[in-house]
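In what follows, every chain begins at residue 1, and chains take the letters A, B, ... in the order their sequences are listed. No hydrogens, no waters, no symmetry mates; every other heavy atom, side chains included, goes into these values.
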Amino acid sequence: DGGITQSPKYLFRKEGQNVTLSCEQNLNHDAMYWYRQDPGQGLRLIYYSQIVNDFQKGDIAEGYSVSREKKESFPLTVTSAQKNPTAFYLCASSIVVTGSLGEKLFFGSGTQLSVL
Amino acid sequence: QKEVEQDPGPLSVPEGAIVSLNCTYSNSAFQYFMWYRQYSRKGPELLMYTYSSGNKEDGRFTAQVDKSSKYISLFIRDSQPSDSATYLCASKLYNNNDMRFGAGTRLTVKP
């Protein structure tokens, strides 16, 4: 089945620790995204990537880092610089339409990150 | 001011009711309008999308966009308990990477 796989489903971070969230897709989509979801605030874009080895900051990139070494994979690292990391993290992908990101996003099942 | 505003609810209706979910947006240049449905602790799934103004119908769901008033609506007819979820509206510029989401409205349909 085609889709997006996020792991782990739940993750706990100790103070000062970096943690990495995994996102893999087999939809053959060029674009991939990371969103953060907090109660009452909707989805906020952290980073996105339109092509391998290239990515752009979203609205709330501070304290996060990404890589895009393969088309299928877009891992997100939450660094110790992110002081309020507790949130539900969603990975998504889409096609690229005439040079811009498509409007149809396909989401993974999310990772809940909590601070110990 | 958020670019897309959505009443978070919660909204509770009896089974069979017609549900109206609404959003407003501030950027008159938005051209794509989407509704996503999100079950608890799952990723959102695309429910409906429209380009520019007008209505779009798919089964029990109707999406409506009024660009003159910057108003986005989703109507659910004959609502079912399985429709209980959070509904997120989103808007996007044409040929641009910037997609903006509302905060989501939590809907419960009671049997």
Open item on the list: Only pairs of heavy atoms separated by less than 4.5 Å count here; which of B:R100, B:E45, B:R106 has the most with chain A?
Closed with: B:R100
- [ ] With rounding to the nearest 0.5 Å, note down the distance linking CE in B:M99 to CG in A:L43.
- [x] 10.0 Å
Task: Heavy-atom proximity to chain A below 4.5 Å, by part of B:Q38 - done: side chain
TODO: May I ask you to name which of B:G43, B:A103, B:P44 has the most heavy-atom pairs under 4.5 Å with chain A?
DONE: B:P44
Task: A:L27 atom CG: more than 12 heavy-atom contacts under 6.0 Å - done: yes
Open item on the list: Can you tell me if B:K56 has over 12 outside heavy atoms packed within less than 6.0 Å of its NZ?
Closed with: yes
Task: Exceeds 12 heavy-atom contacts within 6.0 angstrom, atom NZ of A:K70 - done: no
Open item on the list: Is it the case that the side chain of B:Y32 and the backbone of A:K104 share a donor-acceptor pair, with hydrogens and angles ignored and the cut-off at 3.5 Å?
Closed with: no
Open item on the list: In this structure, would A:V66 and A:L11 fall into the same cluster of hydrophobic residues linked by side-chain contacts under 4.5 Å?
Closed with: yes
Open item on the list: Need one label for A:D38: side chain, backbone, both or neither, based on atoms under 4.5 Å from any heavy atom in chain B.
Closed with: neither
Open item on the list: Counting only heavy atoms not in A:E62 (residues, nucleotides, ligands), do more than 12 fall under 6.0 Å from its CD?
Closed with: no
Task: Rounded distance [0.5 Å steps], CD in A:Q37 versus CZ in B:R41 - done: 7.5 Å
Open item on the list: Please classify the contact between A:F106 and chain B as side chain, backbone, both or neither, with a heavy-atom cut-off of under 4.5 Å.
Closed with: neither
Open item on the list: Is A:Q112 close to chain B through its backbone or its side chain, or both, or neither, when contacts mean heavy atoms under 4.5 Å?
Closed with: side chain
Task: Joint hydrophobic cluster, A:I4 plus B:L88, side-chain heavy atoms closer than 4.5 Å - done: no
Task: Which portion of A:L90 sits near chain B, non-hydrogen atoms under 4.5 angstrom - done: side chain
Open item on the list: Test of understanding: clusters of I, L, V, M, F, W, Y form through side-chain heavy atoms closer than 4.5 Å, transitively. Do B:V13 and B:F75 belong to the same one?
Closed with: no
Open item on the list: Between B:Y51 and A:L105, is there shared hydrophobic-cluster membership here, with clusters defined by ILVMFWY side-chain heavy atoms closer than 4.5 Å?
Closed with: yes
Task: Row check, B:F101 ring normal vs A:R44 NZ/CZ: under 6.0 Å, within 45° - done: no
